[in-house]
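In what follows, a structure is listed as C-alpha cells, so that the remarks can point back to it.
Numbering of ligands and ligand atoms starts at 1, following listing order. The model shown is predicted, which means the values in this text are computed figures rather than measured ones.
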Amino acid sequence: MERLFGSGRIQLVQGDITEESTDAVVNAANQSLLGGGGVDGAIHRAGGPAILAECKAIRARQGGCPAGEAVVTTGGRLPARYVIHTVGPVWTGGDRREPEILASCYRNCLRLAVEKALRSVAFPSISTGAYGYPVGEAASVALSTVATFLSKEEAAPALVRFVLFDAGTLRAYEEVLASL
Ligand code: AR6
C-alpha cells in the first residue's frame, strides 16, 4: 500500500530491512549503540564491522544516543549507503512520554535524511519488538509523524518505505495509513 503526502510517498511492505536498497535504512538501536537483537542484530550482521566501528566513534564523542534521537553511520556492506540509528522508547504503559519520544525518533531520522539530501529511507517498526510498544499505537505515531513531515518539509525524501517484518505488523500499519 502507498499514499502521497506533499511531494513524498509513504509505502508499506513486508520484508527484511537489511535487503533494502533505499539511500538509508533506519536501525531500532539502543542507547549504547553497540548492537543487540532484532533489527539491530540483523543490520550489524549483514552490514559488517564498519557500522560498529562508526558507532563506537560516535559513543566516544557523545556517549551513546538518548531515546528519541538519531545518529548516522555508513551502511557498510548493506545495499543502503547509510544506516540511521535511532533509539525508541521502552513501553511502560504510555504515560512516560512514549508517544512523544517515538515521534521524535521518526522526525530526527528524517531531519538527518534531509541534511544528507537522501531521496529514500526505509524504517522498521521502531519499539514494537523488544521494547514492547503496542503495534497499533506505534503505527499511529509513526505514520502521522512521517506524513506530517512529508507534507511540511519540501526537501523531505521522496520515498519513505516502512519495511515490516511480519504480516500482523504490516496489517496494523495498513489500517492506520488507510485512515490518515
Ligand atoms: N527487518 C525488518 N524488521 C525487523 C527485522 C528485520 N530484519 N528484524 C526484526 N524486525 P526490535 P525495538 C522487526 O526488537 O522494539 C534490540 O536488541 C520486529 O519484528 O528490533 O525498538 C536493540 O538493540 C519488530 O516488529 O526493536 C534494542 O535493545 C520491529 O522490527 C531493542 O532491541 C522492532 O523490533 C530495540 O527494541
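The protein heavy atom nearest to atom 15 (O) of ligand 1 is G129 N, 2.8 Å. Summary of contacts: the protein heavy atom closest to atom 31 (C) of ligand 1 is Y131 CE2, 3.5 Å. For atom 3 (N) of ligand 1, the closest non-hydrogen atom on the protein side is F165 CB, 3.5 Å. The closest protein non-hydrogen atom to atom 1 (N) of ligand 1 is I17 N, 3.0 Å.
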Could you give me the CA-CA distance, side-chain angles and deciding distance for F123 and Y106, then say whether ring pair (Phe, Tyr, Trp, His ring centres under 6.0 Å) is met? CA-CA 9 Å; F123 282 99; Y106 286 97; 4.9 Å; yes
Verdict with reasoning, L170 to L12, per side-chain contact (heavy atoms from CB on, under 4.5 Å): CA-CA 7 Å; L170 174 64; L12 308 180; 3.9 Å; yes
Do S125 and Y173 pass the side-chain hydrogen bond (donor to acceptor under 3.5 Å, both in side chains) test, and can you show the C-alpha distance, the side-chain angles, and the key distance before you say yes or no? CA-CA 9 Å; S125 177; Y173 276 70; 2.8 Å; yes
Let me see the working for L52 and H44 under side-chain contact (heavy atoms from CB on, under 4.5 Å), right down to the final yes or no. CA-CA 7 Å; L52 186 60; H44 282 283; 4.1 Å; yes
Let me see the working for L34 and R59 under side-chain contact (heavy atoms from CB on, under 4.5 Å), right down to the final yes or no. CA-CA 9 Å; L34 294 178; R59 251 173 83 83; 3.6 Å; yes
Residues S7, E154; criterion side-chain hydrogen bond (donor to acceptor under 3.5 Å, both in side chains); working and verdict: CA-CA 7 Å; S7 55; E154 278 176 25; over 6 Å; no
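Ligand 1 lies within reach of S127, whose nearest heavy atom is under 4.0 Å from it.
The contact set between ligand 1 and A28, taken as ligand atoms under 4.0 Å from a residue heavy atom, comprises 21 (O), 22 (C), 26 (O), 35 (C). Within ligand 1, counting atoms from 1 as listed, the ones closer than 4.0 Å to a heavy atom of G36 are 17 (O), 23 (O). Of all the atoms in ligand 1, the ones that sit under 4.0 Å from a non-hydrogen atom of S125 are 29 (C), 33 (C). Ligand-side atoms of ligand 1 in range of G15: 1 (N), 2 (C), range being under 4.0 angstrom from any heavy atom. In the vicinity of A42, heavy-atom distances shorter than 4.0 Å reach the ligand 1 atoms 7 (N). Set against the non-hydrogen atoms of D16, the atoms of ligand 1 under 4.0 Å away are 1 (N), 6 (C), 7 (N).
To the nearest 0.5 Å, atoms OG1 (T86) and CG (N30) are separated by 11.5 Å.
For the pair L164 and ligand 1, the shortest N or O to N or O distance does not fall below 3.5 Å. At under 3.5 Å, a nitrogen or oxygen of G37, whether backbone or side chain, sits near a nitrogen or oxygen of ligand 1. The N/O atoms of I126, backbone and side chain alike, include none that comes under 3.5 Å of an N/O atom in ligand 1. Close N/O approach between D40 and ligand 1 is found [any backbone or side-chain N/O within under 3.5 Å]. Remark: ligand 1 and N30 share an N or O pair separated by less than 3.5 Å (distance only, no angle test). Considering backbone and side-chain N/O of P124, none are found under 3.5 Å from N/O of ligand 1.
Both the backbone and the side chain of A130 come within 4.0 Å of ligand 1, counting heavy atoms alone.
Cluster partners of I17, by chain and number: V13, V25, V39, I43, I51, L78, V83, V163. The rule joins Ile, Leu, Val, Met, Phe, Trp and Tyr whenever side-chain heavy atoms lie under 4.5 Å apart.
Relative ring orientation between W91 and Y133 is described as tilted, the plane-to-plane angle lying within the 30° to 60° band.
With a 6.0 Å radius and a threshold of 12 heavy atoms from other residues, nucleotides or ligands, R9 has its CZ atom at or below the threshold.
Between atom 24 (C) of ligand 1 and the options L102, V163, T128, the minimum heavy-atom separation is to T128. Here the shortest heavy-atom distance to atom 10 (N) of ligand 1, taken over I43, T18, V39, belongs to V39.
For P66, the side-chain contact (heavy atoms from CB on, under 4.5 Å) partners at least two apart in sequence or on another chain are E69.
Using a 4.5 Å heavy-atom cutoff, the side chains of R161 and V121 are not in contact.
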